[in-house]
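Here's the structure, in structure tokens; my notes come after.
Positions are given from 1 along the sequence. Whatever order the structure lists ligands and atoms in, that order sets their numbers, starting from 1.
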Amino acid sequence: MIVCKFGGSSVADASQIKKVKAILDADARRSVVIVSAPGKRSKEDEKITDLLYKCNEMVQKGESCKGIFSAIQERYLSIADELKIEKKMLSAQLEEIRQLIDAGRGADYAASRGEYLSAFLISQYLDFEFVDTADCVIINSDGTVNPFSYDKIRMIHDNSKKKGFVFPGFYGASEDGIIKTFTRGGSDITGSVVARAVNAELYENWTDVSGFLSADPRIVEDARTIDRISYAEVRELSDYGASVFHEEAIAPVVKYGIPINIRNTNRPDDAGTLITADVEQKKLAGVSARGGLSRIKIRKLMLFKKSGMRHALLTMLHIFGIRPSYSLFGIDSIVWFYDSRMASEGILDAMCERLKSEFELDEVSVDHGHAILGIVGSSVLEDGSYIKAAKALEQSSVPVSFLNFGASDVSYSFGIRDEDKSRAVSVVYDALFR
Ligand code: ASP
């Protein structure tokens with residue numbers, strides 16, 4: 001059995017949904033489907049999920065969401081029209097949802113309805129069973145998937161006589177039954193969870209590109225498609241800012257070795273990218289850069305003499321809402337990089353004060369405008385490519401603040417300035433991939 005997840009662009013309108021049906025009809029093993037909410041039909045268009053968040057914001061401000069919601073209503077009804085689906089039930093559901101959003105059900109409920117309605121509508125079109133993920137995907141308070149979810153999904157699946165199933169992506173419910181969403185793009189996670197629960201032979205993730213590219217095509221126009229890549233490499237590439245597949249969506253399938261195939265709904269004959277536990281041939285996969293980072297530098301003579309110091313310092317950062325994503329350690333120093341959106345200047349000042357006084361630090365400073373350039377591939381530790389990459393950066397005058405080599409088996413990274421991100425990706429791509 002193949003589990004297929006279709007992203008927002010694949011279900012953006014009726015003509016896209018017809019493509020979905022053609023893809024499913026082409027292989028009888030494609031019997032389990034996960035859908036996103038309708039995405040953009042053109043560059044200027046709005047995603048249904050964004051509109052739903054806006055509806056909730058209106059309600060928070062004390063106004064009715066009626067105005068914005070009518071655009072949502074129209075979109076679903078016109079899809080139903082074109083697919084020749086009976087609209088009575090859909091209209092009633094739309095009205096009930098509008099009332100509940102207006103009654104203040106909150107952001108997670110509002111956002112989840114995009115996927116709910118999408119799955120409801122598509123299940124009718126395909127004559128598949130609609131399975132509400134609020135009844136079977138349990139999301140823990142830290143955003144992880146509760147393992148009971150797998151049994152629940154399997155039971156629903158095994159006890160149905162329908163020829164196929166449609167699950168809405170992106171949301172589930174907390175243990176006490178309240179609707180809860182994953183982070184943005186989270187339908188990829190739902191796809192992985194369902195694939196694992198039903199023990200799929202393959203998880204196909206249908207989107208609007210023919211797989212992972214070795215660099216962002218807005219920077220490297222002719223970046224090549226990666227045909228095979230490992231789970232570990234995908235996680236690293238996503239962490240360095242490549243955005244085809246949600247970085248948390250790998251976890252549910254890794255232990256079970258279910259392969260993931262990234263495919264293009266608009267070009268169904270393209271093979272796409274196959275993600276598996278291992279790759280047959282060691283090689284470079286891609287280069288990507290993640291910006292928007294700030295840096296905390298800490299110095300203290302004999303910093304590590306006292307055991308538990310690093311842990312205590314990190315705990316203090318957490319108290320101020322900062323969770324660093326990269327760290328470097330020296331004999332008397334620590335450098336942490338974190339997403340700049342995590343703390344305002346006021347919070348940072350208070351944190352530095354507190355760190356300095358509580359730990360008697362010699363120096364603590366924070367500065368902004370950093371980025372990390374990551375080079376990912378199964379061959380990175382052996383191919384000496386870091387020398388070529390460093391040379392390319394030097395020749396094009398991209399200052400480097402650190403090199404992190406050896407912490408991962410499948411990547412190394414350079415600290416660079418945010419403003420140099422695109423140039424760095426471009427020159428490193430030229431040096432390593434051409
Ligand atoms: N519709 C949600 C979003 O736009 C989730 C998803 O598409 O995966 O983030």
By ring-ring contact (aromatic ring centres under 6.0 Å, His included), His246 pairs with (sequence neighbours left out) none
_With a 6.0 Å cut-off on the ring centroids, do Tyr116 and Phe130 count as close?_
yes
Parallel, tilted or perpendicular: which describes the rings of Phe6 and Trp206, with under 30° parallel and over 60° perpendicular?
parallel
Residue, atom and distance of the protein heavy atom nearest atom 4 (O) of ligand 1 read Arg184 NH2, 2.9 Å
Next on the checklist: Check for me whether Gly185 has a heavy atom closer than 4.0 Å to any atom of ligand 1.
Outcome noted: yes
Within the supplied structure, the quantity of interest is the number of heavy atoms (other residues, nucleotides, ligands) at a distance under 6.0 Å from Phe329 CZ; does it exceed 12?
yes
- Query: Has the side chain of Ser192 got a donor or acceptor atom that lies under 3.5 Å from a matching backbone atom of Ile250?
  - Reply: no
Residue, atom and distance of the protein heavy atom nearest atom 7 (O) of ligand 1 read Ser36 OG, 3.0 Å
### Task
Could you tell me whether Thr49 and ligand 1 have an N or O pair separated by under 3.5 Å?
yes
Exercise. Would you please determine whether Gly169 falls within less than 4.0 Å of ligand 1 on a heavy-atom basis?
Key: no
Numbered in order shown, the ligand 1 atoms found under 4.0 Å of a heavy atom of Glu115 are 1 (N), 2 (C), 5 (C), 6 (C), 7 (O)
Check: of Pro38, Ser187, Ala37, min heavy-atom distance to atom 8 (O) of ligand 1 comes from Ser187
| Asp13 side chain to Gln16 main-chain N or O, any donor-acceptor pair under 3.5 Å? | yes
